[in-house]
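Single-structure report; data block below.
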Number of protein chains: 2
Amino acid sequence: MFRALVVEDQTLMRLALMNEVQASFEKCVVLGAETLNIATVELQNGHFDLVVIDPGLPGFDPTSQGDRVAVVDRIIEASPSAIHIVVTGSDNRCEADGFRRIGAAAYLGKTGLAPGVFNDVLDDISTKGFSLRLSRAVMTKPDYRFSVLTPREQEAIDMMAHRAPGVKRKEIFSLMADRLAIDAGSAEKYYKQARAKLMRQGHPLPQGL
Amino acid sequence: MFRALVVEDQTLMRLALMNEVQASFEKCVVLGAETLNIATVELQNGHFDLVVIDPGLPGFDPTSQGDRVAVVDRIIEASPSAIHIVVTGSDNRCEADGFRRIGAAAYLGKTGLAPGVFNDVLDDISTKGFSLRLSRAVMTKPDYRFSVLTPREQEAIDMMAHRAPGVKRKEIFSLMADRLAIDAGSAEKYYKQARAKLMRQGHPLPQGL
DNA sequence: CAAAAAAGGGATGGTCCCATCCCTATTTTT
DNA sequence: AAAAATAGGGATGGGACCATCCCTTTTTTG
């Protein structure tokens, strides 16, 4: 059984990261620790295959480079056989190099760390040995979230809203079909159903219909 | 239709906050913006009832108090009729006062901002006019997440694992029944089913069974 | 114009989860 | 010893969503 540990003090972020890990490994157990103390106890009591670490933990100075390295170092030494992924909000290339030197397999900025990226990171690690994803803002339009839509319908609206100009809807349906491993006709159906729901409720649709 | 905007650069956190907002308002639309520019455009184009803001945005110095205030101020001025909630990782009481003075209705630290807290914050706002939740680490045990469990089963395991010593399981079932608005017998069933699944797969159970 | 793309809808079977009610041993408390 | 709590099951109906296949009309594009 694949076992992972997420060390992150921000609750919503910790839960989101745990979700990402779960999405990447079909059968697994994921533990979430809010503090280094909790993490240390768990690392002593059990074996882990993967550890995700945010170095900015309670009780440490987030601006002190020494504190940040100390946190990661302690965790890596407590779980030498695990893969270690560092996730941080204040990322920079210099720090990435530092963590790489002490054994981290990936260094990720929180900005741009979206659902699914975790999978790519794991691919990077197994093929290249290291994954570096620095923060950068890339959105040009907002994301829309409608409570009336099912996840599939929401997905369809999302992808269509981000359609590049000149791209046919059919192409988006194919893309969606690929990504979700479903039929293109089904993808089209979800989009149309979603659109109909929003129209019925008088919603101002995101641009791109 | 209730309309909300979440301004936060960290994607996973933004999505999580959007989820929290959705969970608090049955029928609603939630927009997510990664940058102040995107947010500003949306605020000009439409009316919003609620705006959630993380002042640490790309293009601004997260250590500069002036930049942080400027971000929130610009958003509040662009949506004077909305409720404004400031969410930040580096929270302190002093900054909270500052944002309250310029019109924010709540100031939340990301540590300890868990699923469901958002609801309480909205209650605070409507009863007391302001909600302050500073970060503090409160966990003493890790959270466990098992991919084999359904959400309900996971919930049951969670609550039982955090059972205070001396508390009867029956009481936990009642509590769970209350929180999920279901029958206590059903809650008991979920727990037993979850436990059986974990045992069958040879999982080391979290303490507290 | 002809062909392709898009809008708009109806019907279907399957699956997973929710929620409930039922039952019997075993253990712990009182 | 009696009562309560716990462990361990089986069976059921309903609902939401998934995924598919089918259909017609309008619009856009080549």
Side-chain angles (χ1 to χ4, degrees), chain A residues 19 22-23 26-27 145-209, chain B residues 19 22-23 26-27 145-209:
Chain A
N19 268 335
Q22 271 194 326
E26 199 52 28
K27 293 291 180 75
R145 207 71 156 286
F146 303 92
S147 59
V148 289
L149 301 185
T150 69
R152 278 288 189 270
E153 291 168 351
Q154 179 69 55
E155 191 95 15
I157 292 291
D158 270 6
M159 296 194 61
M160 197 56 76
H162 292 120
R163 174 174 60 135
V167 174
K168 299 240 180 283
R169 288 172 201 272
K170 284 245 172 191
E171 301 177 46
I172 299 292
F173 296 144
S174 297
L175 206 156
M176 197 183 322
D178 258 21
R179 190 175 305 183
L180 302 178
I182 61 174
D183 191 273
S186 300
E188 186 172 355
K189 182 69 185 164
Y190 292 135
Y191 166 70
K192 290 180 178 178
Q193 224 158 40
R195 198 172 188 279
K197 276 190 187 179
L198 298 184
M199 300 263 288
R200 233 176 284 137
Q201 303 212 351
H203 275 297
L205 295 175
Q207 51 265 65
L209 283 199
Chain B
N19 268 334
Q22 272 196 325
E26 200 50 30
K27 293 291 179 74
R145 208 71 157 285
F146 303 92
S147 59
V148 289
L149 302 184
T150 70
R152 277 287 189 269
E153 290 167 353
Q154 179 70 55
E155 191 94 17
I157 292 290
D158 270 6
M159 297 194 61
M160 197 56 76
H162 292 120
R163 173 174 60 135
V167 176
K168 299 240 180 283
R169 289 174 199 272
K170 285 245 174 191
E171 301 177 48
I172 300 292
F173 296 144
S174 296
L175 206 155
M176 197 183 323
D178 258 21
R179 189 173 307 183
L180 302 178
I182 60 174
D183 192 272
S186 300
E188 185 172 355
K189 182 70 186 162
Y190 292 136
Y191 166 71
K192 289 180 177 177
Q193 224 158 39
R195 197 173 188 279
K197 277 190 185 177
L198 298 183
M199 300 264 286
R200 234 176 284 137
Q201 304 211 353
H203 275 298
L205 296 175
Q207 52 265 62
L209 280 200

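Below, chain A is the first sequence line, B the second, and so on; all start at residue 1.
Closest-nucleotide positions on DNA chain D for B:Arg200 and B:Glu171 were compared, and the one nearer the 5' end corresponds to B:Glu171. Of the two residues near DNA chain D, B:Ala196 and B:Val167, the one whose nearest nucleotide lies more 5' is B:Val167.
In terms of the side chain to side chain donor-acceptor pair (under 3.5 Å) criterion, A:Arg163 has no residue partners (sequence neighbours excluded). Evaluation of the side chain to side chain contact (heavy atoms under 4.5 Å, CB included) rule for A:Lys197 yields A:Leu149, A:Thr150, A:Glu153, A:Arg200 as partners, not counting sequence neighbours. With sequence neighbours left out, the side chain to side chain donor-acceptor pair (under 3.5 Å) criterion links B:Glu155 to no other residue. Remark: A:Arg145 engages B:Asn19 in a side chain to side chain donor-acceptor pair (under 3.5 Å) (not counting sequence neighbours). Annotation: side chain to side chain contact (heavy atoms under 4.5 Å, CB included) contacts of B:His203 (sequence neighbours excluded): A:Met1, A:Val29, B:Phe146, B:Leu198, B:Gln201.
Nearest nucleotide to the side chain of A:Arg195, out of D:dG9, C:dG8, D:dA7: C:dG8.
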Tell me which donor-acceptor pairs under 3.5 Å the side chains of residues 172-182 of chain A have, and how far apart each pair is, sequence neighbours excluded?
unit_1	atom_1	unit_2	atom_2	d
A:Ser174	OG	A:Lys170	O	3.2

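For the helix from C:dC1-D:dG30 to C:dT30-D:dA1, the end axes, each set by the C1' atoms of five terminal pairs, are bent relative to each other by 40° (nearest 10°).
Rounded to whole Å, the distance from CD on A:Glu188 to C1' on C:dA4 is 12 Å. When the P atom of D:dG8 is taken as reference, atom CE of B:Met199 falls 5 Å away, rounded to whole Å.
Residue pairs meeting the salt bridge (charged side-chain N to carboxylate O under 4.0 Å, His left out) criterion with at least one member in residues 180-194 of chain B, sequence neighbours excluded: B:Glu188-B:Lys192.
The phosphate of D:dA4 has neither OP1 nor OP2 within less than 4.0 Å of any side-chain N or O from B:Arg169.
Checked by atom type and distance alone, the side chain of A:Ser147 pairs as donor or acceptor with a backbone atom of B:Glu26 at under 3.5 Å.
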Checklist entry - How does protein reach along nucleotides 10-30 of chain D, written 5' to 3' as B (base within reach of a heavy atom under 4.0 Å), S (only sugar-phosphate), or - (no contact)? => result B------SSBBS---------
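Looking at heavy-atom distances under 4.0 Å, A:Tyr191 makes contact with sugar-phosphate atoms alone, never a base.
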